[in-house]
Amino acid sequence: MKNLSISTIARTGVLIFALLNQILTISGHNPLPWSDEQAYEGFTLLLTTAAALWSWWKNNSFTQEAVQADEYMRELKKKRG
């Protein structure tokens with residue numbers, strides 16, 4: 001178990017969850033306690049939140065000075081390596 005990474009365990013867990021969900025759906029059971037509309041709204045909320053956080057986290061340079069500073073930073077990084 002030492003050699004397994006957290007991402008491997010997470011992917012395996014998601015796969016098992018998806019397979020169990022598919023088996024229950026095929027057998028006529030609704031394994032998830034929400035409607036299709038609620039699932040769509042939840043997915044849309046998750047996507048919007050992720051996009052907002054990603055946009056906020058990234059360096060967004062709007063002024064000319066900020067754009068020049070970004071260029072200067074890229075040049076310094078190229079020189080280092």
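Fair warning: this is a prediction, and the values are worked out from it, not measured in the lab.
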Enquirer: For Leu19, does the CG atom sit with more than 12 other heavy atoms under 6.0 Å from it, leaving out its own atoms?
Expert: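 Enclosed: over 12 neighbouring heavy atoms sit under 6.0 Å from CG of Leu19.
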
Enquirer: How long is the gap from OG1 on Thr49 to CG on Leu45, to the nearest 0.5 Å?
Expert: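 CG of Leu45 is found 4.0 Å from OG1 of Thr49.
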
Enquirer: Just how far is it from atom OH of Tyr40 to atom CZ of Phe43, taken to the nearest 0.5 Å?
Expert: 9.0 Å

Enquirer: Before accepting this row, confirm whether a basic side-chain N of the pair Lys78/Glu75 lies closer than 4.0 Å to the acidic partner's carboxylate O.
Expert: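 Glu75 and Lys78: not salt-bridged.
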
Enquirer: If I take atom CG from residue Leu15 and atom CG from residue Leu20, how far apart are they, to the nearest 0.5 angstrom?
Expert: 9.5 Å

Enquirer: Rounded to the nearest 0.5 Å, how far apart are CG of Leu76 and CD of Glu71?
Expert: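 Separation between the atoms: 10.5 Å.
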
